Structure formats: C-alpha cells, structure tokens
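Residue numbers begin at 1 in each chain, while the letters A, B, ... track the order of the sequences. Keep in mind that what you see is a predicted model, and the values were worked out from it rather than measured.
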There are 2 protein chains.
Amino acid sequence: MAKRTRVTSHDVAARAGVSQPTVSLVLSGNPRARVAKATRARVLRAAEELGYRPNLLARALVQQRSFAIGVVVPTLSNPFFVDVVNGLERVAVAEGYAVLLCNGRGEPVAPQVETLRGRMVDGLIIDAAGAAGLPEALLADMTVVLVEEVSERWPTVTSDAEAAGRLAAEHLLELGHRAVAMIGPATDVHALRRRERGFLATLRQAGVSVRSRWLRRAPATVRGGQEAMRALLGLDARPTAVFCATDLVALGALKACVSARVRVPEEVSLVGCDDIEMARLTTPELTTVAVPARELGARAARLLIGMLEGGPDTRGRRRPLPVSLVRRGTTAPPVASAGGARMEGSR
Amino acid sequence: MAKRTRVTSHDVAARAGVSQPTVSLVLSGNPRARVAKATRARVLRAAEELGYRPNLLARALVQQRSFAIGVVVPTLSNPFFVDVVNGLERVAVAEGYAVLLCNGRGEPVAPQVETLRGRMVDGLIIDAAGAAGLPEALLADMTVVLVEEVSERWPTVTSDAEAAGRLAAEHLLELGHRAVAMIGPATDVHALRRRERGFLATLRQAGVSVRSRWLRRAPATVRGGQEAMRALLGLDARPTAVFCATDLVALGALKACVSARVRVPEEVSLVGCDDIEMARLTTPELTTVAVPARELGARAARLLIGMLEGGPDTRGRRRPLPVSLVRRGTTAPPVASAGGARMEGSR
DNA sequence: GGCCTTTGCCAATACGTATTAACTCCGCAA
DNA sequence: TTGCGGAGTTAATACGTATTGGCAAAGGCC
C-alpha cells in the first residue's frame, strides 16, 4: 500500500555503481558522449532492471523545453476538429512530442491556455482561434501555429476556404438554382467567413444576389442548422437551395427539412462543407465540399515542430490546401419533377 | 525577438523587495500563512505588474503532484467517448485539475501512458481499457479509475450494460420479433460484452435463441456495422431485427440497409446503443438505448479526485448508471404491412 | 527590565534531471 | 623526470518552486 516513490536516475546510478550524471549521459545525453562501453552496458541493465522512467517534468525544467505541444480546439463535438487532432497527433507523436489537448467545450479557453503555458509547452497549435475568443496577449513570446485562421503575427495553415464557397456556388448555379440561401457562421471563425465570402462573391459574379432574409447566421452545430433552416422554411418566399457553412449545420438543416416534410433535394437542395463521416450516413447523403482536416492538422504539426527545431525561417508560406466538391444526394436541379433528373446528383 | 525568459518568483521577489519564499507563501501557500498585510499586498502587486505565472512543472516536482489527470480513450472518432471526456473535463477543471487527454486512435496506447506517467499525472481515467490493450503492469502504483470496465484491482464507473441489452431485447420481443440477430463487439470491451450478454440472456429466457450465423462481430465503427450488416443481408435466411452493440455500428448497419434497398423498419428493425447525437439525424431516426456518457465521465472524475484528495476509502461502490430505451423510427413489428402499425415505433 | 511568546521574514534545502568544468588515470613523447 | 593530452568519470550547479527551521523584532507578563 505504501506508494513507493518513483525510481530515479540516482537509484539507477547506485545500482550500476556509477554517479548520477553518468546515468544521464548514457540514457539521454548525446549518443556520441564519451562513456566506456562496459559502463554504458551496466547502466542500461540497471535501468532496465529497475524499470526506470525518466521524470519528464524534471527534464523539461532543466532543458527549458518539455517536448509537449498544446493544441486548442473550440470543441470536440464537431468531428471535423477531431480529424484535425487526429492528423496532428500522428505527426507529433512520431516526432517525439506529446500532445496536450485543450478542449474548449464552447467556453472561453483562456484559462486553459494559461495552464498550458504554465506546463511549459514548447508550442501551441490553435484551431479556429476566433471561436475560442483568445486574447493575443496571452500568446506573447510563444511559438504558435494557427489553423484555419489568418494572421500577420503567426504562421498559419489553412484550407482554400474561398474556393470551398465558390465550388458550392458553382455547383448550385450549374444545377440552375437562382433562389439561393446560406446559413453562415455566427461567430468570428475566419475560415467560415471566407467560405461565405467565396460563396457570395461567386453568386454575385453570376448575377445572383442573396436576399438578406436568406442569409442567416447560426452556431456551427446541428441545432444551429436546424433552427436556421426552420426559420428559412417559415418564410413565404423559400429558397430552392441552401449552402451551409459546416456539415453539422447542413445535417441540422436536413433534419429540419425532414421534420417539416420538405423533400430534399426535390424541394430544397442542400450543400454542406467539411465532409465529415456523418455526411455519408444520412438519406439522402449530403452533398458537400471536402476539406482535408487530417492533412490540415498534420501540416500544422509539421510546421510547428519545424519552427521549434529548425528555427523560425521554416515559415515559408505554403499555399492553402485544396478542397473539392463531393456531389451526393442532397442537390438537384430546382423544381425537379419526381422522375427525371432527380438522381443526377448521386453517383 | 530575443525570447525573454519567463518571469519567475525570484523576479517578483526582487520587485517587491522580499525573498522568494515569501512570494511563494503569499501566492500559493496556505492562505493562513503568517505574512504581514502590507507585504502580501506588495507581493501581489509585483506579481500582477510582471504578469507572473507560476511554473507548474517546478511546482509539481517539489510537491510531488501535478494537479493533472491523464485520460485515456480508445478513439475520439466515436462521439460517445467525446461525451465522456466532456463530462469529465467539466468536473476536473472545476476542481482545479488539468486534463491530459490521450487519444488512442486505434493504436496501442501503452507508450502514451508511459508519457503520462513521466509527466507525473496524479491519476488516470481509462475508458474501455480492453480496447486499448493496456498491460496492467504499466499502471503499477498509480491511482486509476476505470470507465465501463470491471476490475478487482481498481475502482470502476459503469453503466448498466446488461440492462441495455435486456431493454433492447425486451423491446424487440414486445414488437413480436423472433428472428433476431446481433452485431457484437470484435474486441474485448467489457461494456459491449455485457450488453451482448444481457441481450442474449433475455432472449433465451423468452425462448428465443440467436442462431450462430446471426451473431456477428465487428469493430465499433460505422464501417464495421456496414460490413456486418451486408453479410447478414447476404444470408438466405434473414433476421427481422438486429441489435447493434453501438450506435456507430447501428448507423453503419442502417446505411448498409439503405444501400441494399432493404427498408427499415419495414423489413428489418434496428436497435443501437449509446444514443449519440447522430442517432437522431438519420431517416428514420435510430431506436437506441441511451447511456449517460457525460455523467459517466463526470462520475469518474469525481471518484478519482476524491481518491486523490480524501484517501482511498472513497471508493464505495456506486451502482451502475441507469440506461433507458429510446423508441424511435428504426423499429417496428416484423413483416408489417405498408400501412398499419408501421409508424408505431416513432413517437 | 528580564523572560517568554508571537509575529514576520528569510536562509537553506529538496524535487529529479541535464550540463559544464574539473579531476583522475594512463600512456607517451621530450 | 617532467609535461602533455586524451579518455572516462564525477563534483558542482542550475532549472523554478515549496517547505522547514531558525532568526530578529515586537509585544505581553510579572
């Protein structure tokens, strides 16, 4: 029951009959450290026998780096962010970094970021900082990479959000839609704003304008999409197509349509954005714009670790990651007859 | 550009004209510490002015506790575990603990747990340890709480998994199903095994046995459910109802039915388990057994923190959390006519 | 005014590791 | 013999905090 204290490098030293620094040299120092072969073997055996695990906190304290990176996401309830995290963790772990995941859960993350700072994370990856409401001052003299955000101050990793909006618009235009609505972001998430901008700009270039009543704002959740769509369906003049800034929102919108017995895509076409797994699980399947979430995370991790190890010059701006339209079942030409081209959108 | 070194308690001491221990006494020591009012004020002001943040690693090193708890989940791609984490984080943060989330991503978590150990987490919450393939030896002399697992050695927090299976079985029996299949877990996740046991036992008591070909095993993913269901549909003798150990599996099964143009619930009834948000987004909505994921996490956190602070006697076994059947659209009586009682299952 | 208690602060040390400088051997050349 | 250099090890120290014991000053008591 007596919680035996952890075995330290001193214990290993004692057992191997050497001093503690020698243990440190063998186990963590440069492999080119001058230590006799026999000694090294003795130390290794002693460490093995005692089950020695170095105390990473002590190591971080003296080395002034913890080999941990902090990751801040606004929520894990959106599978998109889970994918970003997955991509990012794979890289980080492979490079020998631990990931301290900080889940905003919708609340302000400032205090949690304070904690990360206090735990001496070497760097920070912040996803959708706008949503997190993070004061810049908090990040003073930290190494930071932003995901899906723009910034003069810190390097960023983004997808081509304008193109996402453009692809959605082009798809709807091509199908013949002119009465088009959008459910945009309620908060200041940069990527979502840019999706919106790309969408609206493309429509405008085609001579189609979105009536202000058809431009709604909703939190990026299922419920948000549901309520916004309900509002749209309640108008006397309904759009024939709706672009949602996020797949979750689109799924909510789809749900609202089903509840209201509005047929999708016959009466209303829906386009989402992200291409989360769930998008393929509904009936009909969701037409959406695929955003490479995992790759976004992986790139952010590579960039950050590069900065941490290679110096700050690694921040050569890479171009945004490409996105692509995925035609599925929730889009079709407007006022389609029940027969005809109805299945056109699905493969 | 020169990354100014962090401000330490020594800096604060210098500015306030006191010694470092005094700073420590004021800022972190017992509030009843004997410090003159004026001194305390000076220290607090100096700390404020310098923007002092204590180094939590150093503190952890000397206090031999880090006020961090490690959390291990097999994957974050299953929203169920995200909910558990959400519930758990809320409690932990409120109690002043940081959460170090360790995402298995399907791979063995042992090395990551090593890292958590090395970072001196005060305790560990491990969810679905069986899936994680975690050797017990790794956890020697750690304070651990298991979620959805049974163990003689460590305290556990569970839902009433047998009841979950029983409720599903009773529901299907009540509807009149006799040709019943199940898609069970492929790995050794205890809760899923118990769901299965409860399900099969209840059927057996009612004189219904599940033919071995109708008892399939699949990983707890959408794809797993999809493939298992495809296999079931390929048999010459099809069941009229299928219980899936997990909602994700059920969603995959539903997807497989839709793809195969098998109508749900008319031709096949489906029951899931977990009640994740997604279960309400499909058409028809998924009938399932609700498991209080968030509460599961919250309880685990409370139990662990109680053990950390109050001593090991707090582990008085609480009864498993209750589960409840949620009737929705994927269940109906077998061989139902297109009209009649078809919608009975939905509210 | 001496003695004891209380108050307020600090010197010293510990936590477990990494790193630097120094120290010991030992052989070898001058 | 002295001096020198390199190989192998260790003593000393630092990282930033918390904690213990003690020291000086202030106050209470007779």
**Q** Between C:dC9, D:dA7, C:dA14, which nucleotide has the shortest distance from any of its atoms to the side chain of A:R34?
**A** D:dA7
**Q** Want to settle it: does B:A58 or B:G17 sit nearer the 5' end of DNA chain C, counting the closest nucleotide to each?
**A** B:G17
**Q** For the pair made of CZ in A:R59 and P in C:dT17, what is the distance, rounded to whole Å?
**A** 8 Å
**Q** Among C:dG16, D:dT9, D:dG16, which nucleotide sits nearest the side chain of A:N55?
**A** C:dG16
**Q** Roughly how many Å is it from CG in A:L27 to C1' in C:dT17, rounded to a whole number?
**A** 11 Å
**Q** C:dT17 phosphate, OP1 or OP2: any side-chain N/O from A:S9 under 4.0 angstrom?
**A** yes
**Q** Among B:L44, B:V18, B:V23, find the residue that satisfies the side chain to side chain contact (heavy atoms under 4.5 Å, CB included) test when tested with B:T39.
**A** B:V18
**Q** Is any side-chain nitrogen or oxygen of A:S24 closer than 4.0 Å to OP1 or OP2 of C:dA18?
**A** yes
**Q** Are any non-hydrogen side-chain atoms of B:S77 and A:N86 less than 4.5 angstrom apart?
**A** yes
**Q** So which nucleotide from C:dT17, D:dT10, C:dG8 ends up closest to the side chain of B:A36?
**A** C:dG8
**Q** Going by an N to O cut-off under 4.0 Å, is there a salt bridge joining A:R15 and A:E48?
**A** no
**Q** Is any N or O donor-acceptor pair between the side chain of A:Q20 and the base of C:dA18 shorter than 3.5 Å?
**A** yes
**Q** Under 6.0 Å from the CZ atom of A:R302, do we count more than 12 heavy atoms belonging to anything else shown?
**A** yes
**Q** Would you kindly give the NZ-to-C1' distance between B:K37 and C:dT7, to the nearest whole Å?
**A** 15 Å
**Q** Looking only at side-chain atoms of A:T39, point me to the closest of C:dT19, D:dT17, D:dT9.
**A** D:dT9
**Q** Measuring from the side chain of A:S19 (C-beta onward, heavy atoms only), which nucleotide among D:dA18, C:dC10, D:dT10 has the closest atom?
**A** D:dT10
**Q** Atom CZ of A:R6 and atom P of C:dG16: how far apart are they, to the nearest Å?
**A** 9 Å
**Q** Scan A:V18 against the nucleic acid and name what it touches under 4.0 Å (heavy atoms): base, sugar-phosphate only, or nothing.
**A** sugar-phosphate
**Q** Can you measure B:Q64 atom CD to C:dA14 atom P for me and round it to whole angstrom units?
**A** 14 Å
**Q** Of the nucleotides D:dT17, C:dG16, D:dA18, which has the atom closest to the B:S28 side chain?
**A** D:dA18
**Q** Send over the distance from A:H10 NE2 to D:dA11 P, rounded to a whole Å.
**A** 10 Å
**Q** Should we say atom CZ of B:R90 is surrounded by more than 12 heavy atoms from elsewhere, each under 6.0 Å from it?
**A** no
**Q** Measure the distance from CG on B:L57 to P on D:dA18 and round it to the nearest whole Å.
**A** 12 Å
**Q** Can you tell me the distance, in whole Å, between the CD atom of B:Q63 and the C1' atom of D:dG16?
**A** 12 Å
**Q** Using a 6.0 Å cut-off, check whether atom CZ of B:R65 has over 12 heavy atoms from anything other than its own residue.
**A** yes
**Q** Given D:dG16, D:dT10, C:dA12, identify the nucleotide with an atom nearest to the side chain of A:P21.
**A** D:dT10
**Q** Measure from the side chain of B:L25, starting at C-beta and using heavy atoms only, and say which of C:dC10, C:dG16, D:dG16 lies closest.
**A** C:dC10
